[in-house]
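Worksheet for the structure shown next.
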There are 2 protein chains.
Amino acid sequence: MYNFEYQNPVKIIFGKGTIPKVGSEIPANTKVLLIYGGGSIKRTGVYDKVKDALKNVDLLEFGGIEPNPHYETCMKAVELIKKEDVNFLLSVGGGSVLDATKFIAAAALYKGDDPWDFLSHRFEIEVEEALPLGDVLTLPATGSEMNGNAVITRESTQEKLSFGSPKVMPQFSILDPECIFTLPDKQVANGIVDAFMHVLEQYLTFAVNSPIQDRFAEGILTTLVEEGPKVLANRNDYDAAANFMWSATMALNGLIGSGVPQDWATHMIGHELTAFHGIDHARTLAIVMPGIMNIKRENKKEKLLQFGERIWGITEGTYNERIDKAIAKTVEFFESLGVPCKLPDYDVPAETIEKIKERFKQRGSKLGEKADIDYNEVEAILQDRL
Amino acid sequence: MYNFEYQNPVKIIFGKGTIPKVGSEIPANTKVLLIYGGGSIKRTGVYDKVKDALKNVDLLEFGGIEPNPHYETCMKAVELIKKEDVNFLLSVGGGSVLDATKFIAAAALYKGDDPWDFLSHRFEIEVEEALPLGDVLTLPATGSEMNGNAVITRESTQEKLSFGSPKVMPQFSILDPECIFTLPDKQVANGIVDAFMHVLEQYLTFAVNSPIQDRFAEGILTTLVEEGPKVLANRNDYDAAANFMWSATMALNGLIGSGVPQDWATHMIGHELTAFHGIDHARTLAIVMPGIMNIKRENKKEKLLQFGERIWGITEGTYNERIDKAIAKTVEFFESLGVPCKLPDYDVPAETIEKIKERFKQRGSKLGEKADIDYNEVEAILQDRL
């Protein structure tokens, strides 16, 4: 195990009927901006429950945050915050709304010229202060509810980048699994894949003797494999919904990634597919990961075999055969959820591979837990997915 | 899964060579009381490392905290704190020193007459404020480094009671697995059993459909079964030490107990064995738990079978046979660590059972996750251990 530091002060309020608790979590004497997305919270009744709980709070609203939230939209919220002296942000929605809220929280207090700096110069410019924020989560997927990370897209340049800071961790996150009851199949499937991938990025690396982290990761993966299809089959299965929701949170709250190597190449390459073609985030991961498993099988050999055995029960064959089977079972699982895993399934032309290769060539940085994936290997990974 | 709230802001600093980091974790302009036990930290060099890191800190010392820390000793520290205007406490030692430090932190700012109230009236009197504290942990066992709980013994009345409050959670905990290299066998064995039991108290209950919590619990148990003996066999196996240490922390930081029933009857009964006979805490748990498993097998049936299968590979036999085997395998594991599991092994006379029964009769409260263990059943559980 590597040395590590871990601290996660987010207060989780989990369970059915918990949304009204938002009323007692907002600090006194604050002016709150309620941030939301395309309005599904109004159809599902979540909006009304939140408004009802905040009857006595000084409240403004900002709707219209997109999936893959746009920098440009966030900056409009920042303008409103400055004009109205807002001092607490409440995200009501899924991971995109929450990621936007985190960026807005940091951007509102940034002293530099352009808060895009947090993403374009992630490792040079730190968030020094941010507005406090909390959230009511309506869609389990990104794990954003228990970490300080966010991914933002800049429309004008087709860039999708991330930043992270403890300063933008939510003060509280309210997780009511009943929110899942009204989600369409596609969002449930995407959420399952997204959480599964978050685990793989922290688990499917070279091995460093970390049985607690491994078993927690495997526990989340197995739970997603078992409970995910139950949620898809019966949207009103509360237990399955609750187990899925808690899996997604545990997948990316820093715990299983503490003291171990992390990969994230799948996310980095996947973000480009979203930037160029607008493919749902989770689906880009389902496309890229099998390619990473295949092309990086030497780096990940020990963990790929462990993954095959402990998640899919694969114990026979040469190591290459076992790895092939593990990749096939993973793809089969995603496809069973209605998530195809090849580039042509999404009408991505071969030229996009060239464009993405070029982008990584320009950036010059290498990907993966060993930082050994250069732009040529990015190309090989994407060719594997044709 | 039950509804739950979870928040754990303790900062964990984990790994070899991390003790000097204590210097940057103590807040500026504080007067610190370094609290420790019988002086083993001086033999092992931990004391020197801490002192060296705190060269520029205004520092007082208070040694002599006992295993099963005494209220009477803690109150002497409180006196010193008040006299010297100490405003930060640093625990350097194992769980006993840290538990004492938590009690001292709350007692120092208590406005009532006697801080024993926190324990004797646990559910009526809350800790409203406490001095901030941090710790350097030298012995993995109690999990105290990542929670707000403490157990204190009042010598004058032979009472051993617990209290808990988020106010006494450490600001930081420094966990250097190399501290394990110098521990005697007995303390390692006790630590393994203690951590194992913390998991069982939160896992071996009736079932509520909580696969994440179950698998995390099972991951900790399996890791203790695999890594514990390695630590005992080779005290310089860093990986085994690190995995053991992280297991003990994860066993009692609130995570695996969130959203599920909890038992704690083993601890409640075990405390009485320590109070009457001074038996090491962990050993009292090893005595009592097999009795609980046996006598409460109907309550815990489903989880006992799951425990037998997933931890010990028991899949054959009637359900009673499988539960008997699971109990036998658990006892065998403890005995392999040098921890006997019967009352006569510790020269506890049958009369003690009468005294303990009487104590629970007087208290009137019932134990266990269903609150259905009365004093007669306490007697039956202890009779099972003769």
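Just so you know, these numbers come straight off a predicted model, no measurement behind them. Scope of the values below: all heavy atoms of this structure, side chains included, with no hydrogens, waters or symmetry mates.
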Looking at A:Glu128, I'd like to know if its CD atom is crowded, meaning that more than 12 non-hydrogen atoms belonging to other residues, nucleotides or ligands lie closer than 6.0 Å.
no

- Give the intermediate values and the outcome of side chain to side chain contact (heavy atoms under 4.5 Å, CB included) for residues A:Phe216 and B:Ile220. CA-CA 9 Å; A:Phe216 281 21; B:Ile220 300 169; 3.9 Å; yes

Check your understanding: Could you go step by step and tell me if A:Thr222 and B:Arg215 meet the side chain to side chain donor-acceptor pair (under 3.5 Å) rule?
Key -> CA-CA 9 Å; A:Thr222 304; B:Arg215 291 196 172 101; 4.8 Å; no

Closest non-hydrogen atoms of B:Ile212 and A:Gly219, given as atom of the first, atom of the second and distance, are CD1-O, 4.1 Å

Nearest heavy-atom approach of B:Gly15 to A:Asn3 is CA-OD1, 2.9 Å

When rounded to the nearest 0.5 Å, the distance separating CD of A:Glu227 from CG of B:Asn209 is 6.0 Å

Turns out that what part of A:Tyr238 lies under 4.5 Å from chain B's heavy atoms comes down to side chain

So, the part of A:Ser247 with a heavy atom under 4.5 Å from chain B: the answer is both

- Query: Take atom CD in B:Glu226; do more than 12 heavy atoms of anything else shown fall under 6.0 Å from it?
  - Reply: yes

Ring centroid separation A:Phe4 to B:Trp246 under 6.0 Å | yes

Applying a strict 4.5 Å limit to non-hydrogen atoms, the region of B:Thr223 in contact with chain A is both

Exercise. Could you please spell out the steps behind the side chain to side chain contact (heavy atoms under 4.5 Å, CB included) verdict for A:Met146 and B:Tyr6?
Key: CA-CA 11 Å; A:Met146 204 175 175; B:Tyr6 178 77; 4.1 Å; yes

task: Please assess B:Gln7 against A:Val10 for the test side chain to side chain contact (heavy atoms under 4.5 Å, CB included), listing each intermediate value before the final yes or no.
output: CA-CA 6 Å; B:Gln7 183 173 34; A:Val10 178; over 6 Å; no

Next item on the list: Check step by step if salt bridge (Lys or Arg N to Asp or Glu O under 4.0 Å) holds for B:Glu5 and A:Lys11.
Entry: CA-CA 7 Å; B:Glu5 295 191 2; A:Lys11 178 178 182 180; 3.8 Å; yes

Okay, A:Met1 and chain B: the region with an atom under 4.5 Å from a heavy atom over there is both

Ranked by heavy-atom pairs below 4.5 Å to chain A, first place among B:Asn243, B:Ile13, B:Leu255, B:Asn8 goes to B:Asn243

**Asked** Does B:Lys230 NZ have over 12 foreign heavy atoms under 6.0 Å away?
**Response** yes

